[in-house]
Amino acid sequence: MPATMPPDGRLIRPMLPALLLLLTVFGPISMDLYLPALPALTVELTATTSVAQLTVTACLIGLAAGQLIAGPLSDRFGRRGILIVGIVAYIVTSTLCALSPSVELLILARLVQGLAGGVGIVIATAAGRDVFSGRALIRFYGRLTLIGGFAAIVGPLLGGLLTTFTDWRGLFVFLAVIGVAILLVTLRVFGETLPADRRTIGGFGQTLRDYRTLLSDRIFLGTVLNQGFLYAALFAYLAGSTFVLQDIYGLSPQWYAAAFGLNSAGHMVFGYLAGRSAEGWSIRGTLAIGVVVTGLGAIGLLIAGITPMPLWVVIVALFALSSGVAMSAPPATTLAMRDYPQMAGTASSLLGMVRFGFGGIAAPFVGVAGALSILPLGVTTTISVLLAAASCLIFIRRRGTDAAAAVAASPSLHTPDEPRQERAPRCVESTCTPPATSEWSTATIR
C-alpha cells in the first residue's frame, strides 16, 4: 500500500502498513507455534488433556481481555505508547512461559502473554482505521486476514521444525525473540497515528458511553456476535486438531504441522479473496458465503465424530472451516469499524475481545471426551456456526440494493450495500468532533 495522508495532513511512512500487518502475528504465532508440542508438554508436566488445553484457553482469554483494555486506552492516550508497553510485556511473559515449572504456572503465564499479545492486534486494527478509508480500508482488513493466515502457516511449520531439536520451552524462547524483533521495528517505524486533537476525553465514564453507543448499533452488535461464534468454531479447531490428527490419526508433529499449514493456506487465500469480493461485490454477501462454508466444515467434523471417516475427510472439513472463517473476517471487520473512526480503538477492542473471548470459552469443550474422540469438536463447531448464522439473520438484515460502483465513485467508505450518508458531529463532553469530510465519510446503517 502506498503512503497515505490522514485527516490532519501528516504523511504516514510507507513501512507503517507493513508493520500493522506484522503486528497481527502476535495472536496466531502465540497460539500456533507450540501446538505441535502440546501432547509432549502434556506428558512432561503430567497434566491431563483438558488441563493442557487450558494453556490455549488462557492465551485466548488474555488476548480478549488485552484488547478490551488496550483499545480504549489507545483512543485516549494514543496508539504508540500503548503498543510499546504491550510488546515489552509480551517479551517478558514469553520468557516466563519458557521457565514455567508446572502446568498451573504455565497457564497463568499464558494468560498474561495473551494480555500483552492482544495489544498488537487491537492497535493494528485501530491504526488501520486511523489511516485508511474507502476501498483502501476494506483492502487493508483483507490483508490483515491474509497475514494472519500466513502467520498460522509459519507458526506450526516452524513449531514442527523446531521440535526436531528443541522442546516446548525452546518454542517459547523463540516467541520472545520474535517479540524483540517486532519491538525494534516498531521503535523505528511506528509514528503516532492518532493525534492529540482526535483523542477521546472523559476517562472511564466516556469509555462506558462509547461501549453503550457501539452495542446499541444493530449492525455492530450483529457483526460482533457473528464473529464471536465463528471464532469459537475456529479456536475449537485450533485446540482440538492437534489431538485429532496426532492421537487419533497418528500423524507425527511434522506431518501435523504440514496438515495444519495446508488449512492455514486456505485461511490466507480465502481471506484475501473475501477482501476483494467485499470491495467489488457485496460486503453482506461475502459474509454470508463465509458462514455457509464454515458450516460445511463443521458438519463434516460432526459426521466424522458420529461415524469413523478417513483422514482426508477430516482434513477437508478442517480446511473448509478455517477458510470459511477467513472469508467472513474482512467484510465483518469493515461492517464493525467503518462507522466509528472517532472511537476506532474501542470498537476494535470489543470486536477482538468477543472473537478471542468466545474462542477461549469454546476451546475446552473439545477435550471433554478425552483425546480420542472427534465428536466434541464436531458438536462445538456446529453449534457455534448455527449461532453465527442466527446473528446474521437477526441483526444484519439486508437493506437496499447492491451498488458496487458506489465505493468506486467516492473515496469515502460508503459500501456496495448501502447509500452514503454523512454522520452527525460527535460531541465528547466539551469537545465536538466535526462531521466527516469527503476523505473520512462513513456509511450510516440504521
Side-chain angles (χ1 to χ4, degrees), residues 24 27-28 31-32 56-57 60-61 63-64 67 121 125 141-142 144-146 148-149 152 219-241 263-264 266-275 277-278 282-302 317-337 347-348 350-366 377-396:
T24 63
M31 283 293 307
D32 300 338
V56 178
T57 303
L60 287 172
I61 294 173
L63 286 168
Q67 294 180 73
I121 298 172
T125 305
Y141 288 142
L144 282 184
T145 304
L146 184 150
I219 299 297
F220 181 88
L221 179 61
T223 301
V224 166
L225 288 175
N226 168 270
Q227 287 296 281
F229 290 123
L230 287 181
Y231 271 67
L234 179 65
F235 285 118
Y237 149 61
L238 291 176
S241 62
N263 294 336
S264 298
H267 187 97
M268 180 175 66
V269 171
F270 282 93
Y272 173 77
L273 294 177
S277 174
S282 169
I283 290 178
R284 286 184 176 85
T286 304
L287 177 59
I289 291 174
V291 174
V292 171
V293 173
T294 309
L296 293 175
I299 291 173
L301 293 175
L302 182 62
L318 293 173
F319 182 92
L321 189 146
S322 178
S323 300
V325 174
M327 292 179 68
S328 77
T333 305
T334 303
L335 279 173
M337 297 292 295
S348 175
L350 279 175
L351 178 63
M353 183 274 293
V354 172
R355 277 172 169 167
F356 288 96
F358 280 31
I361 293 171
F365 288 106
V366 304
L377 177 60
V379 171
T380 301
T381 54
T382 300
I383 292 175
S384 297
V385 175
L386 288 174
L387 292 173
S391 299
C392 281
L393 294 175
I394 294 172
F395 293 103
I396 315 178

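Reckoned from all heavy atoms, side chains included, excluding hydrogens, waters and symmetry mates.
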Could you pull out the closest heavy-atom pair between [X] and [Y], with the gap in Å?
X      : Y      : result
Gly222 : Ser391 : O-CB, 3.9 Å
Ala336 : Thr223 : CB-CG2, 4.1 Å
Ala274 : Ala326 : CB-O, 4.3 Å
Pro330 : Gly271 : CG-O, 3.5 Å
Ala320 : Val293 : O-CG1, 3.4 Å
Val354 : Gly228 : CG1-CA, 3.5 Å

Distance check, rounded to the nearest 0.5 Å: [X] atom [atom1] versus [Y] atom [atom2]?
X      : Y      : atom1 : atom2 : value
Met353 : Gln67  : CE    : CD    : 9.5 Å
Thr381 : Leu386 : OG1   : CG    : 9.5 Å
Ile394 : Leu225 : CD1   : CG    : 9.0 Å
Tyr237 : Thr294 : OH    : OG1   : 12.5 Å
Tyr231 : Leu351 : OH    : CG    : 8.0 Å
Tyr141 : Met337 : OH    : CE    : 4.0 Å

Original post:
Yes or no on side-chain contact (heavy atoms from CB on, under 4.5 Å) for Val291 and Leu230, after CA distance, side-chain angles and deciding distance?
Top reply: CA-CA 8 Å; Val291 174; Leu230 287 181; 4.1 Å; yes

Original post:
Between Ile121 and Thr24, is a side-chain contact (heavy atoms from CB on, under 4.5 Å) present by the stated rule, with each step listed?
Top reply: CA-CA 5 Å; Ile121 298 172; Thr24 63; 5.5 Å; no

Within the side chain of [X], is there an N or O that forms a donor-acceptor pair under 3.5 Å with the backbone of [Y]?
X      : Y      : answer
Thr333 : Ala329 : yes
Ser328 : Val325 : yes
Ser277 : Leu273 : no
Asn226 : Cys392 : no

Original post:
Any side-chain heavy-atom pair from Phe365 and Val379 closer than 4.5 angstrom?
Top reply: no

**OP:** May I ask you to check whether over 12 heavy atoms, not counting those of Tyr272, lie within 6.0 Å of atom OH?
**Re:** no

